[in-house]
Amino acid sequence: MEGKIFVITSGKGGVGKTTATSSIGAALAMAGKRVAVVDMDIGLRNLDVVMGLENRIVFNIVDVVQGKCKLSQAAIKDRRINNLFLIPASQSDNKDVFKSEDMVRLGKRLKEEFDIVLMDCPAGIERGFENAVAAADEALVICTPEVSSVRDADRIIGLLYARSITPKLILNRINPAMTANGDMLNHEDVTDVLSIELIGLVEADDNVIVASNLGKPLVMINDSKAGQAFIRIAMRLDGHEDIPIQVPKSGSTFWRNIGSKLGFK
Amino acid sequence: MLNEIVKKLFGNKKSSSATAKNRLKFALIYDKLEISDEILKNLQHDIVEVISRYFEIDRDSLELNINKSKDSSALTFNTPILSAKKRKTS
Ligand SMILES: Nc1ncnc2c1ncn2[C@@H]1O[C@H](COP(=O)(O)OP(=O)(O)OP(=O)(O)O)[C@@H](O)[C@H]1O
Ligand SMILES: [Mg+2]
């Protein structure tokens, strides 16, 4: 059976595309899928360091497209998680090094080799975005609960619709205490203004930084709330749509403190 | 903390997220009113084509504009008509 290509995109930079790509990819591979995560951020590669595979790069995606190596030579196998492969970006080229047609061709070959392909899109709406989206069957849009991020997500959603792709939304870096206080947009506010289906809610979690320090998959850190959220997103992508979306709750709010003083758990 | 809760209970402080949501709604509407030059050029081309089926017009002196005011935006198309075309009966 042919695989499926998801693009993970946001418009605005630094909102969690790379974190989401590596985490969802790892979770899907742990669930038994054959997964390729592809770094489309040509010239500014990051997925390799987040995954701790930076020392193993020999060939990259540009080499594959230009026929300098085989796809299998550029796909780095993760040694901790079976069936997880990274295709790194090149660090020396520009985003216009290839065209949409190149990506469509590469996409076809990726789908023959893998069950699921995740494309980590660069920020922006230019060539890099066009290329990442060119071969995609489906899209995940990621944003944070901030005005600028949501606005850029809206632009991206419009561009995806124009390509007949109906994306789903991941809301990342939620601060539950601020949300409870009314000082952060909640997920209903965001889905309301964007009119988009939600696929997961991820809270701000220091483990994201710890995991990237270590080059260790976030989903392998046991008590990481963000890691657990990405695992649930992966399961939902994998057809387990019945898994409920959990709304992050603040751990140490005023009310809980009062509650515990009164003897509630 | 207590101060904040009291403020909230008495409705003195509008939550900043409510402000954010409101601003977003308007920003997204305004964003979509923007039309790119390319679309405008294509539109102009199409309009000229349709009008020239019925009228002789001076293609060079026509103007296509979007006039934005505070709460509405209008598309205006200005062209002097040289003469009406005689329609062929088919
Ligand atoms: N849920 C989270 N909790 C805490 N920190 C996070 C979370 N998600 C992302 N971050 C941090 O935010 C920063 C940006 O994340 P990431 O690199 O995944 O974003 P990106 O969208 O890929 O950025 P770019 O647009 O530059 O490619 C990183 O330092 C990451 O550790
Ligand atoms: Mg990135």
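By convention in this document, chain letters (A, B, ...) are assigned in the order of the sequence lines, proteins followed by strands, and residues within each chain are numbered from 1.
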#### Entry: A:Asp206, CG: over 12 other non-hydrogen atoms inside 6.0 angstrom
no
### Query
Does CZ in B:Arg23 sit with more than 12 non-hydrogen atoms of other residues, nucleotides or ligands closer than 6.0 Å?
no
#### Entry: Exceeds 12 heavy-atom contacts within 6.0 angstrom, atom NZ of B:Lys32
yes
### Heavy-atom closest pair, residues B:Leu24 and A:Arg151
CD2-N, 3.8 Å
### Query
Can you tell me how far the NZ atom of B:Lys25 sits from the CG atom of A:Asp192, to the nearest 0.5 Å?
5.5 Å
### Query
Taking all atoms of both residues into account, what is the closest heavy-atom pair of B:Leu28 and A:Val193, and its distance?
CD1-O, 3.7 Å
### Task
Taking the side chain as every heavy atom from C-beta outward, state whether A:Val190 and B:Lys21 have any pair of such atoms under 4.5 Å apart.
no
### Proximity breakdown for A:Asn186 and chain B, heavy-atom pairs closer than 4.5 Å
neither
### Query
Which bit of A:Asp189 is near chain B, if near means a heavy-atom gap under 4.5 Å: side chain, backbone, both or neither?
both
### Task
Without swapping roles, check the side chain of B:Ser15 against the backbone of A:Asp183 for a donor-acceptor pair under 3.5 Å.
no
### Query
Just wondering, more than 12 heavy atoms not from A:Arg155 lying within 6.0 Å of its CZ?
no
